[in-house]
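Everything on this sheet refers to the single structure shown next.
A quick note: this is a predicted structure, and the numbers were derived from the prediction, not measured. Below, read A as the first sequence line, B as the second, and so on, with proteins coming before strands; counting in each chain starts at 1.
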Protein chains: 2
Amino acid sequence: MFSKSCEYGIRAVIYIVSASKNGERVGIGEICQNIDAPEHFTAKILQILTRNRIVSSQKGVHGGFYLDDYQKGLALIEVVTAIDGKTLFTGCGLGLKQCSETNPCPIHSKFKSIRNDIKKMLEQTTIEELGNSIKKGKSVLKTLKI
Amino acid sequence: MFSKSCEYGIRAVIYIVSASKNGERVGIGEICQNIDAPEHFTAKILQILTRNRIVSSQKGVHGGFYLDDYQKGLALIEVVTAIDGKTLFTGCGLGLKQCSETNPCPIHSKFKSIRNDIKKMLEQTTIEELGNSIKKGKSVLKTLKI
DNA sequence: TAAATAAAAGACAAATTTATCCTTTATACA
DNA sequence: TGTATAAAGGATAAATTTGTCTTTTATTTA
């Protein structure tokens, strides 16, 4: 469904929001330890998100990543689109380039409603909401150690 | 959503069903021309499907691929599972290995209903049904030439 | 202003997916 | 029975995705 990059990206933003109290910044090392993701690779994904102003960052001492109030309110679809593009919501299920309403692939209409559901779900879910779920201990972002 | 392999595989079986009249066999060359797919690569995918008894094949003169009556009635999920496995229906949206009802990722429940919808759709759609849609000219399997 | 810190960025490597080519095997039919 | 045909299978290559390492840039603070 999502690429590995996107999975890491989503987990990272959720962790940042869940971990930074009062605008405190979170370092890439801490982020990756807490979401079980490769550090340098995830750093590059966060670079994409900062360039797209979905995440904020600060270099130097006490630097790190954080989300301002506006960014916390962003929907998950912003993260997904920045990393994986819009193919998941707009592309043909069978990979046809010219699939459309007037020139549909055999699963076009059935696929369309699923695509729309995915899109709707990602539009209606905010980063903050998912961060709160982590804060409250209602969900996790990494495999539990035994 | 689906891998390229799976897209080719689905398009191939639909074409075979739509093109083979009275159990006639369809060659890999004809298949690939009509679904815009690389021949040798698609051949390997059809090998997977024949090994899984989703498609039938015959070597030699007048050989090729075809689907018997039972196979035509198979649901699309058989094709997808044979090629891409069950990850799409069972895997975690954020890629967590131990995501579950009792140890959910932040989007677990929202994702679950979408996964189920995809599964249901693939279970309810038969290869034959899609082949008929092509036969009737109601849908296409390749980009139209201008 | 210099040192320490942490993100940004560039270069490179591994792994996986996608694609191609060549040989082998099975089948039909002349 | 031999030849043509077409799928099966093996080996290899290209492309993309994922992952790592090193250098550069910006910022804080002593």
**OP:** Can you sort out which residues in residues 24-31 of chain A have a heavy atom within less than 4.0 Å of DNA chain D? Ascending by number, please.
**Re:**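 None, since no heavy atom is under 4.0 Å.
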Original post:
Tell me, which of residues 81-95 of chain A have any heavy atom that sits under 4.0 Å from an atom in DNA chain D?
Top reply: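 Per residue number, the list is empty: none.
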Subject >> Positional range of nucleotides in DNA chain D within the contact set of chain B, heavy-atom, under 4.0 Å >> reply: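 Here the contact window of chain B covers D:dA4 to D:dA11.
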Original post:
Closest nucleotide of DNA chain D for A:Gly60 versus for A:Ser3: which of these residues is on the 5' side?
Top reply: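 In this pair, the answer is A:Ser3.
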Original post:
A:Tyr8 or A:Lys59: which one's nearest nucleotide on DNA chain D is closer to the 5' end?
Top reply: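 Residue closer to the 5' terminus by nearest nucleotide: A:Tyr8.
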Got a second to check how far [X]'s [atom1] is from [Y]'s [atom2], nearest 0.5 Å?
X: A:Ile77; Y: A:Lys86; atom1: CD1; atom2: NZ; value: 9.5 Å
X: B:Cys105; Y: B:Leu96; atom1: SG; atom2: CG; value: 5.5 Å
X: A:Asn132; Y: A:Thr126; atom1: CG; atom2: OG1; value: 7.5 Å

Original post:
Checking all strands, does B:His62 fall into the base, sugar-phosphate, or nothing category for heavy-atom contacts under 4.0 angstrom?
Top reply: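 Sugar-phosphate contact only - B:His62 comes under 4.0 Å of backbone atoms but never of a base.
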**OP:** Select base, sugar-phosphate, or nothing to describe what B:Glu39 touches, counting heavy atoms under 4.0 Å on all strands.
**Re:**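 B:Glu39: no heavy atom of the nucleic acid under 4.0 Å.
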Original post:
Which residues satisfy the ring-ring contact (aromatic ring centres under 6.0 Å, His included) test with B:Tyr8, sequence neighbours excluded?
Top reply: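 Once residues adjacent in sequence are excluded, the partners of B:Tyr8 under the ring-ring contact (aromatic ring centres under 6.0 Å, His included) criterion are B:Phe41.
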Original post:
Could you give all pairs that pass the side-chain hydrogen bond (donor to acceptor under 3.5 Å, both in side chains) test and reach residues 37-61 of chain B, with sequence neighbours left out?
Top reply: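 Sorted result for residues 37-61 of chain B: B:Ser56-B:Gln71.
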Original post:
Reading DNA chain C 5' to 3', which nucleotide is the first, and which the last, to come under 4.0 Å of any heavy atom in chain A?
Top reply: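 Listed 5' to 3', the contact boundaries are C:dA4 to C:dA11.
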Original post:
Got more than 12 heavy atoms from elsewhere within 6.0 Å of NZ, B:Lys119?
Top reply: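 For B:Lys119, atom NZ is not crowded (no more than 12 foreign heavy atoms under 6.0 Å).
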**OP:** Output yes when B:Lys120 and B:Glu123 qualify as a salt bridge under the 4.0 Å nitrogen-oxygen rule, no when they do not.
**Re:**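 No, no charged N to carboxylate O under 4.0 Å.
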When you compare the side chain of [Y] with that of [X], does any pair of heavy atoms fall below 4.5 Å?
X: B:Phe89; Y: B:Leu122; result: yes
X: A:Ile114; Y: A:Ile118; result: yes
X: A:Ile134; Y: A:Leu130; result: no
X: B:Ile107; Y: A:Leu76; result: yes

**OP:** Could you pick out which residue, B:Gln58 or B:Pro38, lies toward the 5' side of DNA chain C when each is mapped onto its nearest nucleotide?
**Re:**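 First, find each residue's nearest nucleotide; the 5'-ward one identifies B:Pro38.
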Subject >> Stepwise side chain to side chain contact (heavy atoms under 4.5 Å, CB included) test for B:Leu74 and B:Val79 >> reply: CA-CA 9 Å; B:Leu74 289 175; B:Val79 179; over 6 Å; no
Original post:
Would you find a donor on one side and an acceptor on the other, under 3.5 Å apart, between the side chain of B:Arg11 and the backbone of B:Ile31?
Top reply: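 Such a contact is absent between B:Arg11 side chain and B:Ile31 backbone.
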